[in-house]
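Structure, as structure tokens:
Start at 1 and go down the list; that is how both ligands and their atoms are numbered. All values derive from a computational prediction rather than experimental measurement. Side chains included, hydrogens not; waters and symmetry mates left out as well; all remaining heavy atoms used.
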Amino acid sequence: MTSVNHLSSAETIQLFERYVIPNYVRYPVNLVRGEGSYVWDSEDQRYLDLFPGWGCNLLGHCPAPVVQAVQQQVATLIHVPNTWHIEHQGRWAQMLCERSFDAQAFFCNSGTEANEAAIKLARLHTPPERYKIITFTGGFHGRTLGSTAATAQPKYHEGLGPLMAGFVYVPFGDLDAVRQRIDNETAAIMIEPIQGEGGIRIPPDGFLTGLRQLADEHDLVLIFDEVQTGCGRTGHWFAHQHFDVVPDVMTLAKSLCGGIAGGAMLARRDIAPSLRPGMHAATFGGNPIAARAGIAALEMIESEHLLDHVARISDVFRQRLETLQSQCDLIREVRVLGLMIGIELTIEGAPAVQACMQRRLLINCTQGNVLRLLPAMNLTEEQAEQGCEILGEVLGEMTSS
Ligand SMILES: *Cc1c(COP(=O)(O)O)cnc(C)c1O
């Protein structure tokens, strides 16, 4: 490896204090290098990362096939606009559709953009008087204004109003409430099959099937936001396959390109043409680099049998965390589906995240009291056990203090 002179964490923090808008709460660490489920800071401390890239690095840091594909592509053709045909984009679309449902793809650069495309498509596809979209409390769909309005969490709306009209919020898991709120202005239902940012909330049995039936009865577009759940995270290619329910539209991003920025919306083939020429675009969407990275990510999951591996690692976490729960009063509930892992505490989670970081374990906390792990698919069993062990120590100390 070539040696690089890194800024220290302290020097980096100084630059941020002066020049970077402080819209994020950041840890006081400058991360400079990653490999698999480990990252290093500029002081050369190594961390075990069970939340790599906020869910984006589903194949670990710097997965070799993605690195190679990007290195090769960046020296061949970096960008051409979508006024041309781009072979890699076409092949990538084919691979995504073959692994999901009979669809066509639109490419963009992020999750929120994919959801904006889905919102536009739902409105364009249905008659003009139908514009309402039902979304769910605790959901998260992104930060642009359409996706913000779709996100039924008041804390993300403060000071931004008036928001885009037409979103109808319903409690997650409440099928009767959905039925009651459908009227002749409803165009779509939009939902994360498993709520991620909302605290790893898994829908009650039959809920997604029920939504599919309601969408069919009322001719609504059923949109699954699989930005966090998709691309192998749950041990299936997509979470809807776990629940045996097929959406009309699916949005993807985060892990889609193995750590490179990229997003996509897949829409059923009879719905997709409603996004007609001139109605929507993304300049960098489906660019050759993202496409090569996306293809490499799918190929790596297959060649390394990572979907099967997810089931094994998921079991390790489930067993370890359930044992921990039986020993630790601070854990209210453990929720695991594939490599979406939520540990709901009876207390605030932030101090546990800090204490884990001091032991060089990286995890996340959402909704105030839910510790969230989104580990890489190629995490080893030893790494999973090591992570659970550190977590157990941390929670143990918090119990006794
Ligand atoms: C992260 C996330 C988004 C937003 O993705 P960005 O790439 O940050 O725009 C949308 N939906 C879900 C479910 C997410 O987890």
Residues in salt bridge (charged side-chain N to carboxylate O under 4.0 Å, His left out) contact with Lys132, at least two apart in sequence or another chain: Asp183, Glu185

Is there side-chain contact between Asn115 and Met190, with heavy atoms separated by less than 4.5 Å? yes

Which residue supplies the protein heavy atom nearest to [atom], what is that atom called, and how far is it?
{"atom": "atom 2 (C) of ligand 1", "answer": "Lys254 NZ, 2.6 Å"}
{"atom": "atom 7 (O) of ligand 1", "answer": "Gly111 N, 2.8 Å"}
{"atom": "atom 9 (O) of ligand 1", "answer": "Thr112 N, 2.8 Å"}

Output the list of atoms in ligand 1 that are nearer than 4.0 Å to some heavy atom of [X], sorted by atom number.
{"X": "Asn115", "answer": "10 (C), 11 (N)"}
{"X": "Ser110", "answer": "7 (O), 9 (O)"}
{"X": "His141", "answer": "10 (C), 11 (N)"}
{"X": "Gln228", "answer": "15 (O)"}

For ligand 1, the portion of [X] having any non-hydrogen atom under 4.0 Å away:
{"X": "Thr144", "value": "neither"}
{"X": "Glu192", "value": "side chain"}
{"X": "Val227", "value": "side chain"}
{"X": "Glu197", "value": "neither"}
{"X": "Phe140", "value": "both"}

Aromatic ring pairing Phe207/Phe136, orientation class (parallel under 30°, perpendicular over 60°, tilted between): perpendicular

In terms of ring plane angle, is the pair His280 and Phe106 parallel, tilted or perpendicular, where the classes change at 30° and 60°? tilted

Judging by distance only, is a nitrogen or oxygen of Glu113 under 3.5 angstrom from one on ligand 1? no

I'd like to know if Asp176 and Arg179 make a salt bridge, using a cut-off of under 4.0 Å between side-chain N and carboxylate O. yes

Asp216/Arg212 salt bridge by N-O under 4.0 Å criterion: yes

Looking only at side-chain N and O atoms, does Gln45 offer a donor or acceptor that is under 3.5 Å from a partner on Arg360? yes

Is the distance from the ring center of Phe101 to that of Phe238 below 6.0 Å? no

Just to be sure I'm reading this right: ignoring hydrogens, which of Asp225, Ile191, Leu256 gets closest to atom 11 (N) of ligand 1? Compare them by their nearest heavy atoms. Asp225

Thr112 backbone acceptor or donor facing Ser147 side chain under 3.5 Å: yes

